[in-house]
Engineer: 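Supplied in structure tokens, the structure appears directly below.
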2 protein chains.
Amino acid sequence: MKLTSKGRYAVMALVDLARFDNINPVSLRDISLRQGISLDYLEQIFSKLKKNEIVKSIRGTQGGYVLNKKPNDIKLTNIFHAVDEKVKTVQCKKESKKGCNGKATKCITHNLWDELETHINTFFENKSLKDLLNNNKETRI
Amino acid sequence: MKLTSKGRYAVMALVDLARFDNINPVSLRDISLRQGISLDYLEQIFSKLKKNEIVKSIRGTQGGYVLNKKPNDIKLTNIFHAVDEKVKTVQCKKESKKGCNGKATKCITHNLWDELETHINTFFENKSLKDLLNNNKETRI
DNA sequence: CTAAACTTGACTATTTTAGTCAGGTATATA
DNA sequence: TATATACCTGACTAAAATAGTCAAGTTTAG
């Protein structure tokens with residue numbers, strides 16, 4: 001099980017953004033350069049972040065992106081949800097008629113995977129952008 | 001981030017095996033039928049489980065597989081490790097010269113991903129086959 | 001008016017996943 | 001001893017997901 005680049009990039013970019021948006025909007029070009037992420041790819045990601053009201057955009061020269069909420073109110077859950085990074089541990093549909101794998105009985109490890117999913121999601125719900133900013137004060141450039 | 005079928009199947013198959021191996025070795029054919037997993041795929045998986053000394057094999061008619069340890073001593077970690085299901089949250093090599101993404105500075109979210117990885121692995125280290133058997137006593141066929 | 005920056009949608013190479021397929025070899029049992 | 005059952009091994013492959021690229025815009029500060 002691995003985290004995709006899209007999810008990782010989204011978080012990296014937002015942390016980067018959060019550190020610099022106090023004064024002016026931050027351009028994707030800058031984030032791209034600082035974080036080593038393709039500009040085109042960042043554009044896709046920020047389009048989703050915007051749709052989910054995590055960031056606001058300002059067009060034109062000197063434009064860029066700004067956080068749309070306080071860092072403390074942006075949880076990893078929100079970010080991942082925005083970019084479609086979901087935690088999936090089971091194949092079977094929840095509450096489907098037949099249960100798991102088209103079988104009559106619930107698959108024997110179903111509870112386990114549900115537990116795992118909850119365990120991971122809890123982590124994401126308890127981490128906000130603010131936590132990450134605090135974490136990185138030491139290594140601030 | 002999602003769990004692959006290989007990891008999920010490995011656990012499902014072992015739980016199935018653990019429930020039936022008290023008397024005789026369990027054939028992959030039976031597991032395949034009960035769990036709805038392709039026999040050929042199961043063979044690949046069990047080859048790895050055997051190499052990692054999680055199961056023993058008995059060849060020939062009436063043969064099959066048997067657990068090689070007590071259910072309490074088989075943790076999810078061991079199973080996942082055996083079938084190469086690893087938890088990967090970072091792209092960058094740990095302790096590489098350049099740090100993350102070929103950059104001079106450690107990527108700003110590195111600690112976060114390490115934390116996440118640990119969080120998930122802790123779950124796997126604390127769950128054993130025995131826990132799963134207990135969990136499913138109610139639904140036992 | 002023009003360069004910087006956001007906006008949108010389509011396209012694609014690569015990698016991973018989830019298997020299949022085709023041959024084996026060992027052994028219990030009749 | 002014949003045979004069916006079951007393990008064993010390696011190569012192959014279709015489909016999906018990932019991680020982007022590419023092209024053609026629109027907006028706006030200066």
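Reminder, nothing fancy here: chain letters follow the sequence lines and each chain counts from 1. Below, all heavy atoms of this structure are taken into account, side chains as well, without hydrogens, waters or symmetry copies.
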Engineer: Between atom CG in L39(A) and atom C1' in dT21(D), what is the gap in whole Å?
Structural biologist: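 It is 11 Å, rounded to the nearest whole Å.
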Engineer: Taking protein heavy atoms under 4.0 Å as touching, what does nucleotides 10-15 of chain C look like 5' to 3' if B marks base contact, S marks sugar-phosphate-only contact and - marks none?
Structural biologist: B-----
Engineer: For D84(B), what residues pass the salt bridge (Lys or Arg N to Asp or Glu O under 4.0 Å) criterion, not counting sequence neighbours?
Structural biologist: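 Only K48(B) meet the salt bridge (Lys or Arg N to Asp or Glu O under 4.0 Å) criterion with D84(B).
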Engineer: dT7(C), OP1 or OP2 - any side-chain N/O from S57(A) closer than 4.0 Å?
Structural biologist: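 For S57(A), the contact criterion (side-chain N or O under 4.0 Å from OP1 or OP2 of dT7(C)) is met.
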Engineer: What's the CG-C1' distance between D84(B) and dT17(C), to the nearest Å?
Structural biologist: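 In whole Å, dT17(C) C1' and D84(B) CG are 13 Å from each other.
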Engineer: Name all pairs fulfilling the side chain to side chain donor-acceptor pair (under 3.5 Å) condition that reach into residues 66-83 of chain B, sequence neighbours left out, sorted by first residue then second.
Structural biologist: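 Every candidate side chain to side chain donor-acceptor pair (under 3.5 Å) pair involving residues 66-83 of chain B fails, so no pair, neighbours aside, qualifies.
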Engineer: Could you state the atom-to-atom distance from CG of L42(B) to C1' of dC8(D) in whole Å?
Structural biologist: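 The answer, rounded to whole Å, is 14 Å.
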Engineer: Whole Å only: how far is the OH atom of Y41(A) from the C1' atom of dT18(D)?
Structural biologist: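 Value for this atom pair: 6 Å.
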Engineer: For dG20(D), take OP1 and OP2 only and decide whether either is under 4.0 Å from a side-chain N or O of Y9(A).
Structural biologist: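 Result: yes.
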Engineer: Short question: side chain of R8(B), backbone of T89(A) - any donor-acceptor pair under 3.5 Å?
Structural biologist: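 Such a contact is found between R8(B) side chain and T89(A) backbone.
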Engineer: Hey, which of these two, K51(B) or D30(B), hits DNA chain D nearer its 5' end, going by closest nucleotide?
Structural biologist: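 In this pair, the answer is D30(B).
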Engineer: Specify the separation, in whole Å, of atom CZ of R29(B) and atom C1' of dA4(D).
Structural biologist: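 It is 12 Å, rounded to the nearest whole Å.
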Engineer: Applying ring pair (Phe, Tyr, Trp, His ring centres under 6.0 Å), which residue pairs with at least one partner in residues 51-74 of chain A are found, sequence neighbours left out?
Structural biologist: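 Pairs touching residues 51-74 of chain A that pass the test: F46(A)-Y65(A).
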Engineer: If a protein heavy atom is under 4.0 Å from the base, mark B; if only from the sugar-phosphate, S; if neither, -; do that for nucleotides 22-30 of chain C going 5' to 3'.
Structural biologist: --BBBBB--
Engineer: Applying side-chain hydrogen bond (donor to acceptor under 3.5 Å, both in side chains), name anything that partners T4(A), two or more places apart in sequence or on another chain.
Structural biologist: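 Per chain and number, T4(A) pairs via side-chain hydrogen bond (donor to acceptor under 3.5 Å, both in side chains) with E85(A).
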Engineer: Once you round it to whole Å, what is the distance between C1' of dT18(D) and CD1 of I37(A)?
Structural biologist: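 These atoms are roughly 15 Å apart.
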Engineer: Whole Å only: how far is the CD1 atom of I45(B) from the C1' atom of dT17(C)?
Structural biologist: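 Those two atoms, CD1 and C1', are 12 Å apart.
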Engineer: Listed by chain and number, what are the salt bridge (Lys or Arg N to Asp or Glu O under 4.0 Å) partners of K6(A), not counting sequence neighbours?
Structural biologist: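 Result, salt bridge (Lys or Arg N to Asp or Glu O under 4.0 Å) vs K6(A): none returned.
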Engineer: Considering every strand and a 4.0 Å limit on heavy-atom distances, what is the contact class for S27(B): base, sugar-phosphate, or nothing?
Structural biologist: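 Sugar-phosphate only.
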Engineer: Which of these nucleotides, dA6(D), dC6(C), dC7(D), is closest to any side-chain atom of L28(B)?
Structural biologist: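 Given the options dA6(D), dC6(C), dC7(D), the side chain of L28(B) is closest to dC7(D).
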Engineer: Please state how far atom CG in N24(B) lies from atom C1' in dT5(D), giving the value in whole angstrom units.
Structural biologist: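 Going from CG in N24(B) over to C1' in dT5(D) covers 14 Å.
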Engineer: State which residue, out of N24(A), I31(A), D30(A), fulfils the side chain to side chain contact (heavy atoms under 4.5 Å, CB included) condition with S27(A).
Structural biologist: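 Passing option: D30(A).
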Engineer: Touch check for K2(B), heavy atoms < 4.0 angstrom, all strands: base, sugar-phosphate only, or nothing?
Structural biologist: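 Counting heavy atoms under 4.0 Å across all strands, the contact made by K2(B) is with sugar-phosphate only.
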Engineer: Select base, sugar-phosphate, or nothing to describe what V26(B) touches, counting heavy atoms under 4.0 Å on all strands.
Structural biologist: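 Touches sugar-phosphate only.
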Engineer: Using the test ring pair (Phe, Tyr, Trp, His ring centres under 6.0 Å), find all partners of H119(B) that sit at least two apart in sequence or belong to another chain.
Structural biologist: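 Ring pair (Phe, Tyr, Trp, His ring centres under 6.0 Å) list for H119(B), sorted by chain: H119(A), F123(A).
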Engineer: Give a yes/no on whether any side-chain N or O of K50(A) is located under 4.0 angstrom from OP1 or OP2 of dT7(C).
Structural biologist: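 Result: yes.
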Engineer: By the side chain to side chain donor-acceptor pair (under 3.5 Å) test, which pairs, at least two apart or in different chains, include something from residues 53-63 of chain B?
Structural biologist: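 Passing the test, one end in residues 53-63 of chain B: K50(B)-S57(B).
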Engineer: Consider the side chain of S5(A), meaning its heavy atoms from C-beta on, and name the nucleotide among dA5(C), dA17(D), dA19(D) that approaches it most closely.
Structural biologist: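 For S5(A), the side-chain atoms sit closest to dA19(D).
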Engineer: Between dC7(D), dC6(C), dA19(D), which nucleotide has the shortest distance from any of its atoms to the side chain of Y65(B)?
Structural biologist: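 Of the options given, the side chain of Y65(B) lies nearest dC7(D).
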Engineer: Between F124(B) and I79(B), is any pair of side-chain heavy atoms under 4.5 Å apart?
Structural biologist: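 They are not in contact (no side-chain heavy atoms under 4.5 Å apart), so the answer is no.
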